Each structure stands twice: as structure tokens, then as C-alpha cells.
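Please read the structure below before turning to the comments.
Please read these numbers as outputs of a predicted model, since none were measured by experiment.
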Amino acid sequence: MSGGWIAVAGLGPGAAGLVTPEVTAALDQATDVVGYIPYVARIVPRAGLTVHASDNRVELDRAQHALDLAAAGARVVIVSSGDPGVFAMASALFEALEARPDRRDTDIRILPGITAMLAAAARAGAPLGHDFCAINLSDNLKPFAEVERRLRHAARGGFAMAFYNPRSASRPHQFGQVLRILREECEPGRLVLFARAVSTPDETLTCVTLAEAEAEMADMRTVVIVGNQATRRVGRWIYTPRSVSA
């Protein structure tokens, strides 16, 4: 990459060892880093690097800023946690680009990262070993009725499910509604994994049945994985067989 450019980079779930060499190389070349405050806090300061931290829910403003910086010749890395294409800044950047015909020639690269969902699954074993889906439970960008609709269809379709943003201070009751819907659609023995702060010193893993699951087990640092009807334990591990007849 030469001249002004933008790399949208996934920093992984938390541990430095889970940041890819490709992302590290982009950060080493960057003149500017743009991102949400907790994510840019993970970037090591150095001479020649300017950090632009911003609050949550201003993703489009952040993307517009990055486009303007790159147009002025800056080498910009937009940082996300996990993978930037999963409920993160890659989509926001292209949304901003769509509204800016004058920036369509910007040199853009999307650098994948390890998502919290995949890191959590690896810690537990292989609960996403067959067909699965990921659902963002936040209603910031879609009505909760749409969350409920997608949840019911996923449960009826026999998918394992990974839930992002299950419960926050501003949404303390919605995850209880999610559990109620799951209990209406799934058997009570279905395994539910609560994986909090995976790959950080605060990491905790808790696996319970759907009947035992409680809303208070999740917060915004938690990824919740619900197995399908075949998901089971083997020793301390949880896995979903690759065959529907297994």
C-alpha cells in the first residue's frame, strides 16, 4: 500500500497473540488509527502515530473521518474488535463510501480478525461444528421484533446460534425475552455456553442447559452460544457433530 489508504482491521477478542501478523504490519505502517475508545486503547503509542478515539454509535462519522484522512494522504487503520466484517466497522465504512462518490477510489483493505464467537467456540470445544448462525441481539440498528423473528426461524431451522451483545445496562430485560423464546422453540436440555471476556484475564466459561440459563449470566462482554439439538458434552468439552444423524 502506498500513498493514502485505509485498512479496516480486526484486533481479535482480546489477547495480543490473537492479532494477526497482517494487522500488526498495517498498524506498524499507519500514520493514523481511528476507532472506538476501548479498541484504540489497545494500540501501543509510538512516534508518528495519531490516534483518533471516538464514542460508541458514531460509526458513520468515524468512517467519514477515515475517508477524509486517507484523501489527504494519511495511512489509516480503522480498528474493530474481533473481525471488522462481523457487526463492525467494515460495513460502516462501505456505507459511508456509498454516500461519498468523491471517495470511491480510496485504497481500502479489510483485514480479517478472530471473532469472539470463534474464540469462545474454540475454548469450549466445537459447538459450532455444524450449521450455525450469528445474531446481534442489540436493537440499536433494528427493531427488537426483528431480532425475535430471526431468533425463532434460527431455532426452528435447527441451527446452533451465537449471540452478540446479549445484555447491557440500557437493555437489561431483552435477553430474558430471548431465553423465553428459546424455551418455546427448543428442548430444555439444549446446551447454552456463556463465554465472557474470552482470551483476557477476566475470561469465564459457563455451560448450562437452557432450563438452567438465566439472563443475569450475560453482559456486553459475553458471547452466548446455543447448541443445536445434537450438541453434547464429551468430558469437559462441548461439541456439535458434523452429521445431522450423528
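- The closest donor-acceptor contact from the side chain of Tyr164 to the backbone of Met117 lies under 3.5 Å.
- Proximity of a side-chain donor or acceptor of His130 to a complementary backbone N or O of Arg242 within less than 3.5 Å is detected.
- Side-chain contact check for Tyr36 versus Val58: every heavy-atom pair is 4.5 Å or farther apart.
- Contact of the Val192 side chain with the Thr206 side chain is not registered, since no non-hydrogen atoms from C-beta on lie closer than 4.5 Å.
- The shortest distance between side-chain heavy atoms of Gln174 and Asp139 falls below 4.5 Å.
- A donor-acceptor pair under 3.5 Å is formed between the side chain of Thr24 and the backbone N or O of Thr20.
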Show, in sequence, the C-alpha distance, side-chain angles and deciding distance for Cys207 and Leu191, and conclude whether the side chain to side chain contact (heavy atoms under 4.5 Å, CB included) test is met. CA-CA 7 Å; Cys207 184; Leu191 293 179; 4.2 Å; yes

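- Rounding to the nearest 0.5 angstrom, the gap separating the CG atom in Leu128 from the CD1 atom in Ile238 is 10.5 Å.
- Here the side chains of Val76 and Trp5 are not in contact, with every heavy-atom distance at 4.5 Å or above.
- Residues Ile6 and Leu93 are in side-chain contact: their nearest non-hydrogen atoms beyond the backbone lie under 4.5 Å apart.
- Judged by distance alone, the side chain of Arg232 and the main-chain N or O of Ala230 form a donor-acceptor pair under 3.5 Å.
- Of all heavy-atom pairs spanning Leu193 and Ala120, the tightest one is CD2-O, 4.0 Å.
- A donor-acceptor contact shorter than 3.5 Å links the side chain of Arg104 to the backbone of Leu97.
- Considering only heavy atoms from C-beta on, Leu11 comes within 4.5 Å of Leu27 through its side chain.
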I'd like to know whether Arg62 forms a side chain to side chain donor-acceptor pair (under 3.5 Å) with Ser54, so could you lay out the CA-CA distance, the side-chain angles of the two residues, the decisive distance to 0.1 Å, and finally the verdict. CA-CA 7 Å; Arg62 194 178 297 146; Ser54 52; 2.7 Å; yes

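- A distance-only check finds no donor-acceptor pair linking the side chain of Ser80 to the backbone of Asp83 [under 3.5 Å].
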Please assess Phe194 against Thr204 for the test side chain to side chain contact (heavy atoms under 4.5 Å, CB included), listing each intermediate value before the final yes or no. CA-CA 8 Å; Phe194 293 87; Thr204 59; over 6 Å; no

Is there a ring-ring contact (aromatic ring centres under 6.0 Å, His included) between Phe159 and Phe132? Walk through the geometry before answering. CA-CA 5 Å; Phe159 291 97; Phe132 69 90; 8.8 Å; no

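- Salt bridge status for Arg75 with Asp32: absent, with no side-chain N to carboxylate O gap under 4.0 Å.
- Using a 4.0 Å cut-off between charged side-chain N and carboxylate O, Arg100 and Asp68 make a salt bridge.
- Side-chain contact between Leu151 and Leu137 is absent, with no heavy-atom pair separated by less than 4.5 Å.
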Applying side chain to side chain contact (heavy atoms under 4.5 Å, CB included) to Thr200 and Arg221, what does each step give before you reach the verdict? CA-CA 11 Å; Thr200 77; Arg221 297 187 71 191; 3.7 Å; yes

Intermediate values then yes/no, side chain to side chain contact (heavy atoms under 4.5 Å, CB included), Val40 and His52: CA-CA 8 Å; Val40 298; His52 308 267; over 6 Å; no

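- Note that CG of Leu179 is 9.5 Å distant from CE of Met217, once rounded to the nearest 0.5 Å.
- Under the 3.5 Å distance criterion, the side-chain polar atoms of Ser199 are matched with a main-chain donor or acceptor of Ala15.
- Arg150 has its side chain within reach of Lys142: a pair of non-hydrogen atoms, C-beta onward, lies under 4.5 Å apart.
- Look at Arg152 and Glu148 and you find no salt bridge, because none of the NZ, NE, NH1 or NH2 atoms lies under 4.0 Å from a carboxylate O.
- Other residues, nucleotides and ligands place no more than 12 heavy atoms under 6.0 Å from the CD atom of Glu98.
- Under 4.0 Å is where a charged nitrogen must lie from a carboxylate oxygen, and between Glu203 and Arg123 at least one such pair does.
- Heavy atoms of other residues, nucleotides or ligands lying less than 6.0 angstrom from CG of Asp105 number 12 at most.
- Here CG of Asn136 is found 4.5 Å from CG of Asn165. Values are rounded to the nearest 0.5 Å.
- With Thr222 contributing its side chain and Arg196 its backbone, the two residues share no donor-acceptor pair below 3.5 Å.
- Of the possible donor and acceptor atoms, one in the side chain of Ser138 sits under 3.5 Å from a partner among the backbone N and O of Asn140.
- Glu95 contributes atom CD, which lies 9.5 Å from atom CD of Gln64 (distance to the nearest 0.5 angstrom).
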